[in-house]
Amino acid sequence: MTGYWGWTGAAGLTSAALYLSVVLGSPGAFLLAYLAPLPLFLAGLALGLTALLAAGASAFVIVGLASGSLMAAGLYLGIEVLPVAVLVRQALLSRPVMAGEEGSGIEWYPLGRLTALLAAMAAMVLVIIWLVFAGSEGGLEAAVRMFLNAGLQGMLQAGGAEAGEITPAIALMAALFPGIAAASWVVMIAVNGALAQGLASRFGRNLRPSPDMATLELPRALLVALVVAAVVGLVAPGGLGYIGRNLLVVLGMAYLFAGLAVVHGFILKLAARQVLLVVVYVTMVLFGWPVLLVMLLGIVDQLFGLRRRFAGPTQGEE
């Protein structure tokens, strides 16, 4: 029991320290803060939901006291602790199933539904923020332009940009800035969750088996939401079209993971699978545009079942 609470306290302290690195402005703060959800995920996936909530509560207090800001502590609670707690709770759900003649087994909460839940949480927060600014002049888009103008105008001028070039550049960035920010958060949470599960599995402390990436299948309802967001973004005027376009970016992130599942399903059948997977991920990071192709691959797979048609069954864990 002492070890349980010791590891729980260490997880909370570590997460708070990582988060505070960017709040207090330490060198390399962004990279460190990016890993703030990792200790919370590790506590939840290795020790259980109670441990995660205790770690999150202790970290919340530490962040509030160290930063002297209730807003910083509340932001930590909202973007780190609560989403991780929801995902871990769902990830640890299981039910017994009959596997025909092979006997009984356990079915765990599917990876595809966890992915959809993560994207849905980001989309919900985006809609709430949009509603908050709906009554102000220009709505959320105007607020984003003002924010970017204050933060980037000096930087653009220092880089040699002319005064007439700055406003169009900021307007271009503002068009999808909320969606891109939310999509980046989705990637951050997903990466930390995968790292935590990998670490827990490596030391034999994982409470659930590591899911096979190649088996990820998104709910059909998510595709309906994606199509609605696309139509609203293209057709609706003003603020409604603005939120539609940004929701399209956020929901599209789920199909990035679905597309990667297709890639995994095909590449893992090949001899040089490790090298090929590295090439795929490095190409996406370096060039950016392959991300759109992978998203499209995820959509096509959901519509036509590419993996079921061509890849065959998958085995093992990743």
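All values reported here derive from a predicted model rather than from experimental measurement. We number each residue from 1, following the sequence as shown.
In the hydrophobic cluster analysis, where Ile, Leu, Val, Met, Phe, Trp and Tyr join through side-chain heavy atoms closer than 4.5 angstrom, L260 is grouped apart from V279.
Between the side chain of Y19 and the backbone N or O of A73 there is no donor-acceptor pair closer than 3.5 Å. For W130 (side chain) and L240 (main-chain N/O), no donor-acceptor pair under 3.5 Å exists by modelled atom type. In this structure a side-chain-to-backbone donor-acceptor pair under 3.5 Å is present from W185 to I79. A donor-acceptor pair under 3.5 Å is formed between the side chain of R245 and the backbone N or O of G233. Checking side-chain atoms of Q302 against main-chain N and O of P219 turns up a donor-acceptor pair under 3.5 Å. Without hydrogens or angle criteria, Y242 side chain to L176 main chain gives no donor-acceptor distance under 3.5 Å. In terms of modelled atom types and a separation under 3.5 Å, the side chain of S15 and the main chain of A36 share a donor-acceptor contact. The backbone N or O of E217 sits nowhere less than 3.5 Å from a side-chain atom of D301 that would complete a donor-acceptor pair. T14 places no side-chain N or O within 3.5 Å of a backbone atom of A11 that could act as its donor or acceptor partner. Without hydrogens or angle criteria, S58 side chain to A55 main chain gives a donor-acceptor distance under 3.5 Å.
Here the closest heavy-atom approach between residue F287 and residue P290 is recorded as CB-CD, 3.8 Å. Minimum heavy-atom separation, L45 to G193: CD1-O, 4.0 Å. The shortest non-hydrogen separation linking I267 to L277 is CG2-CG, 3.9 Å. Taking both residues in full, the closest heavy atoms of L251 and A229 are given as CD1-CB, 4.4 Å, listed atom of the first, atom of the second, then distance. Here the closest non-hydrogen pair linking L218 and A254 is CD1-O, 3.4 Å. The two residues L297 and G259 come nearest to each other via the heavy atoms CD2-O, 3.8 Å.
Surrounding OH of Y109 are more than 12 heavy atoms belonging to other residues, nucleotides or ligands, all under 6.0 Å away. The number of heavy atoms from other shown groups lying within 6.0 Å of CZ (R208) is above 12. L303 CG: more than 12 foreign heavy atoms inside a 6.0 Å radius.
For the pair P83/L118, no side-chain contact is recorded, criterion being any heavy-atom separation below 4.5 Å from C-beta on. Two residues are said to be in side-chain contact when any heavy atoms from C-beta on lie closer than 4.5 Å; E80 and M188 meet this criterion. Between L195 and V191 there is a side-chain heavy-atom pair separated by less than 4.5 Å.
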Please test N192 against Y34 for side chain to side chain contact (heavy atoms under 4.5 Å, CB included), starting from the C-alpha separation and ending with a verdict. CA-CA 8 Å; N192 279 280; Y34 193 90; 4.2 Å; yes
Can W108 and L93 be said to form a side chain to side chain contact (heavy atoms under 4.5 Å, CB included), step by step? CA-CA 6 Å; W108 293 89; L93 291 178; over 6 Å; no
For V186 and F257, run side chain to side chain contact (heavy atoms under 4.5 Å, CB included): C-alpha distance rounded to whole Å, both residues' side-chain angles, the deciding distance at 0.1 Å, then the answer. CA-CA 11 Å; V186 168; F257 296 118; 4.0 Å; yes
With side chain to side chain contact (heavy atoms under 4.5 Å, CB included) as the test, would you mind laying out the steps for I189 and F41 before giving the verdict? CA-CA 9 Å; I189 296 296; F41 267 121; 3.7 Å; yes
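The aromatic rings of Y281 and H264 sit perpendicular, their planes meeting at an angle over 60°, well past the 30° parallel limit.
Side-chain contact, S67 with Y76: no donor N or O sits under 3.5 Å from an acceptor N or O.
We find the CD-CG distance between Q197 and L207 to be 8.5 Å, quoted to the nearest 0.5 Å.
The side-chain contact (heavy atoms from CB on, under 4.5 Å) with I106 is formed by just one residue from the set S94, P96, P209; it is S94.
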